[in-house]
Amino acid sequence: MRRTIASRPLATLPLLAAASLLAACGSMPPSGSTFSQAALPGPIQVPAGHKVAMETVGIGEITYECRDKANMPGQTEWVFVGPKAVLNDRSGKAVGKYYGPPATWEANDGSKLTATQLAVAPSGATSLPYQLVKANPATGSGAMAGVTYIQRVALTGGIAPASPCTTAIKGRQETVRYQADYIFWKAA
């Protein structure tokens, strides 16, 4: 059985998404500049020698499943199963998707890649952490070709459900909504 949990009433989600997109656009650097990572925690920053290739806003959901805790018989917890999100450019146009497992970023042109997590850092009590991943070589030629790093920033939601995970509901999956900016970097 699969249930969906929304951390906010559904009627407010489009408004929240629009407000977040406007806030993100309002904080974008002037034309000709690049995304600034100066305010991000050090472990999440992309090393020198790389430039922003694409900025996207991922809007979607994260699935969790109630499972036994590893090496702790009789105890249960919500376990991350995978993401599913649409990747939009800063104007709101869908340019790709993000899904998993394994975590995969796929552009509308068919190019796609997976990545290896390098670092995470707290972003807020009710949101997924910041994340930095090193991209594996892309398949296909297109937007994902040559991407070296991906940052997950500007997060809203996505944490495990607040409802109890008990042995009585083991195996139940629930989804939570989230939004995050995915910043794609290539070698300069």
Side-chain angles (χ1 to χ4, degrees), residues 2-29 35-46 52 54-67 69 76-92 94-106 114-135 147 149-165 172-185:
R2 185 172 180 173
R3 292 181 20 195
T4 300
I5 294 187
S7 58
R8 294 175 183 82
L10 289 179
T12 63
L13 286 175
L15 187 57
L16 175 63
S20 296
L21 184 59
L22 286 173
C25 289
S27 65
M28 286 178 61
F35 170 81
S36 174
Q37 57 180 348
L40 295 175
I44 304 305
Q45 294 184 14
V46 172
V52 173
M54 179 171 52
E55 297 180 39
T56 64
V57 179
I59 300 172
E61 60 187 34
I62 304 282
T63 300
Y64 289 89
E65 185 173 319
C66 183
R67 297 182 184 167
K69 283 187 179 182
T76 54
E77 66 183 341
W78 289 109
V79 176
F80 177 88
V81 174
K84 185 171 104 177
V86 173
L87 299 176
N88 300 306
D89 66 14
R90 292 293 190 193
S91 71
V95 295
K97 56 189 173 181
Y98 172 56
Y99 55 90
T104 303
W105 293 263
E106 183 173 343
T114 60
T116 302
Q117 180 174 285
L118 297 178
V120 294
S123 71
T126 60
S127 299
L128 292 170
Y130 294 118
Q131 182 183 50
L132 176 64
V133 298
K134 182 161 181 47
V147 169
Y149 293 94
I150 305 167
Q151 287 173 315
R152 181 177 69 197
V153 299
L155 296 127
T156 304
I159 61 170
S163 61
C165 168
R172 178 181 292 167
Q173 289 191 345
E174 296 191 6
T175 59
V176 293
R177 297 188 185 277
Y178 90 107
Q179 180 172 321
D181 286 4
Y182 291 95
I183 312 299
F184 296 83
W185 296 76

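- Taken from OH in Tyr149 to NZ in Lys134, the straight-line distance is 4.0 Å, to the nearest 0.5 Å.
- With sequence neighbours left out, Tyr178 forms a ring-ring contact (aromatic ring centres under 6.0 Å, His included) with no residue at all.
- Checked by atom type and distance alone, the side chain of Gln151 pairs as donor or acceptor with a backbone atom of Ile44 at under 3.5 Å.
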**OP:** Test side chain to side chain contact (heavy atoms under 4.5 Å, CB included) on Val133 and Gln117 and set out the steps.
**Re:** CA-CA 4 Å; Val133 298; Gln117 180 174 285; 4.2 Å; yes

**OP:** Tell me, with the steps shown, if Arg90 and Asp181 meet side chain to side chain contact (heavy atoms under 4.5 Å, CB included).
**Re:** CA-CA 10 Å; Arg90 292 293 190 193; Asp181 286 4; 2.9 Å; yes

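- Taking both residues in full, the closest heavy atoms of Leu155 and Ala180 are given as CD2-CB, 3.6 Å, listed atom of the first, atom of the second, then distance.
- Between Cys165 and Arg67 the shortest heavy-atom distance is SG-N, 4.0 Å.
- Contact record, Pro129 with Ser123: CA-OG, 3.9 Å, taken as the closest heavy-atom pair.
- Here OG1 of Thr56 is found 6.5 Å from CD1 of Ile183. Values are rounded to the nearest 0.5 Å.
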**OP:** Start with the C-alpha distance between Thr114 and Thr104, add both sets of side-chain angles, then the distance that settles side chain to side chain contact (heavy atoms under 4.5 Å, CB included), and finish with yes or no.
**Re:** CA-CA 5 Å; Thr114 60; Thr104 303; 3.7 Å; yes

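- Trp78 places no side-chain N or O within 3.5 Å of a backbone atom of Ile159 that could act as its donor or acceptor partner.
- Nearest heavy atom pair, residue Ala38 against residue Gln45, reads O-NE2, 3.8 Å.
- Note that the CZ atom of Arg172 and the OG1 atom of Thr76 stand 11.5 Å from one another [nearest 0.5 Å].
- Between Leu132 and Pro43, the closest heavy-atom pair is CD2-O, 3.6 Å.
- Contact record, Trp105 with Ala115: CZ3-CB, 3.7 Å, taken as the closest heavy-atom pair.
- To the nearest 0.5 Å, atoms NZ (Lys97) and CD (Glu106) are separated by 4.5 Å.
- Residue Glu65 holds its CD atom at 4.5 Å from CD of Gln173, rounded to the nearest 0.5 Å.
- Ring orientation note: the planes of Tyr64 and Phe80 are nearly perpendicular, at an angle over 60° on the 30°/60° scale.
- The OH atom of Tyr99 lies 10.5 Å from the CG atom of Leu87; values are rounded to the nearest 0.5 Å.
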Subject >> Stepwise side chain to side chain contact (heavy atoms under 4.5 Å, CB included) check, Trp185 with Gln37 >> reply: CA-CA 12 Å; Trp185 296 76; Gln37 57 180 348; 3.9 Å; yes

